[in-house]
2 protein chains.
Amino acid sequence: MDYICFMYERKILPNLNCGLDLIGEVLYGKWKIRLLWFINEGHKRPSELQRKIPDATRRVLNIQLNELEAHDLVTKKIYPVVPPKVEYSLTEFGKSLIPVLSVLGQWGDDNEEKLRSVIMKRLNAENE
Amino acid sequence: MDYICFMYERKILPNLNCGLDLIGEVLYGKWKIRLLWFINEGHKRPSELQRKIPDATRRVLNIQLNELEAHDLVTKKIYPVVPPKVEYSLTEFGKSLIPVLSVLGQWGDDNEEKLRSVIMKRLNAENE
DNA sequence: TCGAATAGGGTTAAATTATTCCCATATTGC
DNA sequence: GCAATATGGGAATAATTTAACCCTATTCGA
């Protein structure tokens, strides 16, 4: 049966030519890097993550957590208790990504002023 | 006058809380990392870049190059000749990003097999 | 004179991602 | 019994990003 269960079926396949494409594919997603970061910091439960990232809806966080899990960057442990308790952890694969994210974040921190400036300038230009 | 000239006016403002958000904002765009990479490698002219990235249309490349320029990561030099000649170069700011992209790409290369595997697995799951 | 090469913008359509709202479960405390 | 807690999925819609297609301009070479 070809019932897609409302999961989106991609029509354009991703490019996977080089390392940069590959890492882009698993990190592309508005909240993924933050999720990995906060999980690494020890905020493992969905409700905690939600509190750390209040701008995202619970729904998107779930979806992106599912993707991270499908890409084997995090594992999900469900405790059979009520009310339910769930904990995400980084896999070894996920952990190996943390130093990379550190480098990214460091460059962002080092250039914070400049970045804010150019981003705001462009935003204002867009909206006139 | 509030004529938007068909540039999209954002309704949801980006998050700019930390370094990771900031760098994400300037690198978010399907072809931007590749553009920076190839420009750094010396492929400066739009037609060269187009040949290096045949999957993107000329249009998107132009748009993303404009954004990179607006974010002061690249500069554009127009030679007053016919047929027109244009060259993009990294700014100092753009150059400072290259080591960061190297780290990303390196991780991607180091984990190529694994990444291909998890990405393909997920794609297949999506499309059933 | 026609076609290729070079560069780039306007407009619309499609694809993708994110938001919103609603529903369901089961226990604890009031 | 009812609200709160904790987790998560379905469906529809909004927002955003990319793709597709068309048009402009000039010069060189066949």
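Protein chains get the first letters and strands the later ones, always in sequence-line order, with residue 1 at the start of each.
- The aromatic rings of B:Phe93 and A:Trp107 lie parallel to each other, with less than 30° between the two planes, well short of the 60° mark.
- We find that CZ of B:Arg122 is positioned 12 Å from C1' of C:dT17, with the value rounded to whole Å.
- The separation between A:Glu48 atom CD and D:dG8 atom P is 13 Å, rounded to whole Å.
- A sub-4.0 Å separation between OP1 or OP2 of D:dG8 and a side-chain N or O of A:Lys76 is present.
- In terms of position on DNA chain D, the residue among A:Arg45 and B:Pro83 whose nearest nucleotide sits closer to the 5' end is A:Arg45.
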With the sugar-phosphate defined as primed atoms, P, OP1 and OP2, and the base as all remaining atoms, what B/S/- string results for nucleotides 18-25 of chain C, 5' to 3', for protein heavy atoms under 4.0 Å? SBB-----
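- Proximity of A:Ser47 to the phosphate of D:dT5: no side-chain N or O atom is located under 4.0 Å from OP1 or OP2.
- In this structure, CD1 in B:Ile39 is found 6.5 Å from CG in B:Leu68, a value given to the nearest 0.5 Å.
- An OP1 or OP2 oxygen of D:dG8 is reached within less than 4.0 angstrom by no side-chain nitrogen or oxygen of A:Asn66.
- Ion pairing between A:Arg116 and A:Glu113 fails under the 4.0 Å rule for side-chain N and carboxylate O.
- A salt bridge between B:Lys121 and A:Glu69 is absent, with no side-chain N of the basic residue lying under 4.0 Å from a carboxylate O of the acidic one.
- Across the protein-nucleic acid pair, A:Leu65 atom CG and D:dG9 atom P stand 10 Å apart, rounded to whole Å.
- Summarising the geometry, the separation between CG on B:Leu61 and P on C:dT6 is reported as 15 Å, rounded to the nearest angstrom.
- B:Gln50 places its CD atom 12 Å from the P atom of D:dA20, with the value rounded to the nearest Å.
- Within the 3.5 Å criterion, the main-chain N or O of A:Ala56 finds a donor-acceptor partner in the side chain of A:Gln50.
- One interatomic measurement links the two molecules: CG of B:Asn62 to P of D:dT17, which rounds to 17 Å at whole-angstrom precision.
- Remark: the B:Asn15 side chain and the B:Asp21 side chain contain no N/O donor-acceptor pair separated by less than 3.5 Å.
- Rounding to whole angstrom units, NZ of residue B:Lys77 and C1' of C:dA7 are separated by 17 Å.
- Atoms CD (A:Glu67) and P (C:dT16) sit 13 Å apart, rounded to a whole Å.
- Between B:Lys52 and B:Glu48 there is no salt bridge, since none of the side-chain N atoms of the basic residue sits less than 4.0 Å from a carboxylate O of the acidic one.
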